[in-house]
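Following: one structure in structure tokens, then a few remarks.
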Amino acid sequence: RVLPEPWFVFALVRVQRRPTISARELTVLLYGTIYLLVATLTLEACVTGGLESSFAESILAVLAGTTIVPRPASKHGWPMAIAAAIYPVGMVIGALVYPPMHGQLSDMRAIYPFVAHTSLVVTTAAIVVIASNRLFHLRRSIAEVRSIGRYELERRIGKGGMGEVWAAWHRGLERKVALKILRLGEQTDPLAVARFEREVRLSSGLTHPNTVRVFDSGTTEDGLLYYAMELLDGSSLGELVKREGPLPPARAVHLVTQAARALAEAHDAGIVHRDVK
């Protein structure tokens with residue numbers, strides 16, 4: 001019963017300490033905890049009745065608890081399949097190598113509850129995957145067809161490695177804004193969240209005329225992070241060059257100088273714009 005305790009202590013310490021835990025490491029800790037709990041309960045079942053033990057019912061609670069994790073089925077399915085397989089595989093191995101369980105595989109009184117418990121474990125894992133996938137896609141739909149806070153989303157105008165930018169309408173101020181939303185799925189990555197919050201904090205302090213101003217920031221009830229900027233109408237530099245061809249040197253210098261001065265202010269504030277090539 002003390003088998004999971006060192007892992008729990010390690011996971012708790014790792015989540016709290018710096019550097020901020022990555023999404024991959026958080027996933028390892030999550031599924032590692034699930035696997036360890038299921039394995040521990042399977043061992044308990046082996047020593048408290050074997051195939052007839054009711055400890056399998058506790059495994060259902062462990063699996064059901066992962067429903068609150070919004071993950072697509074492509075990422076949540078196979079780890080949960082492994083979790084569901086630990087119980088039946090462990091019990092069969094126990095019946096083969098653990099003396100008190102010898103003979104249970106040929107005893108129908110033990111086979112019936114074992115098959116019933118295995119069916120419940122597999123069914124629970126399948127329901128969890130479906131529910132988690134549904135929750136993930138419900139959250140995803142927020143960034144596609146609905147509003148975020150006071151902002152009504154109109155159209156997506158760009159996306160990058162960490163987030164998406166939408167043209168939106170602020171209902172209270174009755175003005176258009178550019179709304180940047182942390183990419184769906186990144187909300188569970190503490191490193192991405194910290195980077196996004198730092199970007200908002202530092203960007204809001206920039207005042208250069210050629211820097212887009214930040215008006216507002218917040219978090220929705222279900223954890224979506226966003227911030228609002230002024231929405232600029234017009235063409236991008238790429239569209240301008242595509243439409244008019246190579247620019248005259250004087251005009252090119254004029255445009256690049258404006259961008260360079262805005263970047264200089266950002267660099268002085270400790271911001272490095274990762275998209276500038």
Side-chain angles (χ1 to χ4, degrees), residues 1-12 14-15 21 23-141 184-185 187-188 222-223:
R1 296 182 181 181
V2 300
L3 184 62
E5 292 183 4
W7 175 266
F8 291 154
V9 172
F10 166 74
L12 182 62
R14 181 62 195 95
V15 169
I21 192 171
R24 177 175 296 180
E25 190 174 358
L26 187 63
T27 299
V28 170
L29 291 178
L30 170 65
Y31 290 116
T33 300
I34 295 171
Y35 296 158
L36 193 55
L37 284 172
V38 174
T40 301
L41 292 171
T42 299
L43 287 174
E44 288 278 5
C46 288
V47 299
T48 57
L51 300 184
E52 298 180 82
S53 175
S54 61
F55 260 95
E57 297 171 7
S58 301
I59 296 176
L60 304 181
V62 174
L63 299 180
T66 65
T67 305
I68 63 173
V69 182
R71 292 178 66 82
S74 59
K75 293 184 178 180
H76 200 39
W78 65 267
M80 292 306 295
I82 294 175
I86 291 175
Y87 169 73
V89 171
M91 296 304 290
V92 170
I93 293 175
L96 295 175
V97 302
Y98 186 50
M101 292 180 64
H102 286 171
Q104 285 193 335
L105 289 177
S106 58
D107 184 353
M108 296 307 297
R109 291 176 301 176
I111 289 293
Y112 283 140
F114 170 63
V115 171
H117 290 149
T118 299
S119 299
L120 287 173
V121 168
V122 172
T123 302
T124 300
I127 292 174
V128 163
V129 172
I130 294 172
S132 181
N133 182 72
R134 181 59 177 164
L135 180 60
F136 174 83
H137 287 288
L138 281 175
R139 292 187 62 183
R140 186 172 186 175
S141 66
L184 291 159
Q187 289 86 7
T188 57
D222 65 342

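If you read the sequence from its start, that first residue is 1, and numbering goes on from there.
- Applying the side-chain contact (heavy atoms from CB on, under 4.5 Å) test to S53 and every residue at least two apart in sequence or in another chain returns A45, T48, F55.
- Outside the 6.0 Å centre-distance limit, the rings of H117 and Y112 are not counted as a close aromatic pair.
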Let me have the donor-acceptor pairs involving side chains of residues 83-106, under 3.5 Å, with sequence neighbours excluded, atom names and distances please.
residue	atom	partner	partner atom	Å
H102	NE2	L96	O	3.4
Q104	OE1	L51	N	2.9
Q104	NE2	G49	O	3.2
S106	OG	G103	O	3.0

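- Rounding to the nearest 0.5 Å places CD1 of I127 at 11.0 Å from CG of L63.
- Between the side chain of Y31 and the main chain of I82, no donor-acceptor pair closer than 3.5 Å is present.
- Looking only at side-chain heavy atoms (C-beta outward), L37 and I59 stay at 4.5 Å or farther from each other.
- For the salt bridge (Lys or Arg N to Asp or Glu O under 4.0 Å) condition, no pair includes a residue of residues 115-129, sequence neighbours left out.
- Scanning both residues, V129 and A73, for their nearest heavy atoms gives CG1-CB, 3.9 Å.
- Proximity of N133 to H76: side-chain heavy atoms (C-beta onward) are nowhere separated by under 4.5 Å.
- For the atom pair K75 NZ and S132 OG, the distance stands at 11.5 Å (nearest 0.5 Å).
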